[in-house]
Amino acid sequence: MDIQLEKREVIDILEGTNDLSIILAVKKLLTKKKKDWWDDLTEAQKEDIAQSELEFEKGEFTSFEDVMKKYK
């Protein structure tokens with residue numbers, strides 16, 4: 001796939017349309033700010049994660065390997 005050719009085709013399509021809603025939709029799509037998943041978490045979820053990080057730092061965790069040994 002030639003990315004430059006794909007871009008040119010999109011530009012040609014946009015240049016050929018007079019439908020403002022299409023132009024605005026493409027503009028919104030291309031300028032949309034990336035959303036951070038952290039912002040979608042509740043305060044309780046953020047607190048749980050913070051608590052888990054503290055427990056991990058203290059060594060209060062079970063390794064993946066140990067968990068897998070238990071269930072094999």
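Quick note: residue numbers are just sequence positions, from 1. All values below were derived from every heavy atom in this structure, side-chain atoms included, with hydrogens, water molecules and symmetry-related copies excluded.
Annotation: salt bridge (charged side-chain N to carboxylate O under 4.0 Å, His left out) contacts of Asp66 (sequence neighbours excluded): Lys69.
The other members of the hydrophobic cluster of Ile49, by chain and number, are Trp37, Trp38, Leu41 (side-chain heavy atoms under 4.5 Å, ILVMFWY only).
Taking a 6.0 Å sphere around CG of Asp39, one finds it holds more than 12 heavy atoms contributed by other residues, nucleotides or ligands. Atom CG of Leu54 sits in a crowded spot, with more than 12 heavy atoms from other residues, nucleotides or ligands closer than 6.0 Å.
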- Task: Assess whether salt bridge (Lys or Arg N to Asp or Glu O under 4.0 Å) is satisfied between Lys58 and Glu55, documenting all intermediate values.
- Result: CA-CA 5 Å; Lys58 294 178 186 177; Glu55 291 171 3; over 6 Å; no
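Hydrophobic cluster membership differs between Leu14 and Leu24, with clusters built from Ile, Leu, Val, Met, Phe, Trp and Tyr side chains linked at under 4.5 angstrom. In the hydrophobic clustering of ILVMFWY residues, with side-chain heavy atoms under 4.5 Å counting as a link, Val26 and Leu20 come out apart.
To the nearest 0.5 Å, atom CD of residue Gln51 and atom CD of residue Glu60 are 8.5 Å apart. The distance from atom CD of Glu6 to atom CD1 of Ile11, rounded to the nearest 0.5 Å, is 11.5 Å. Going from atom CD1 of Ile23 over to atom CD1 of Ile13 covers 12.5 Å, rounded to the nearest 0.5 Å.
Legend: salt bridge (charged side-chain N to carboxylate O under 4.0 Å, His left out) pairs involving residues 15-32, not counting sequence neighbours, sorted by first then second residue: Arg8-Glu15.
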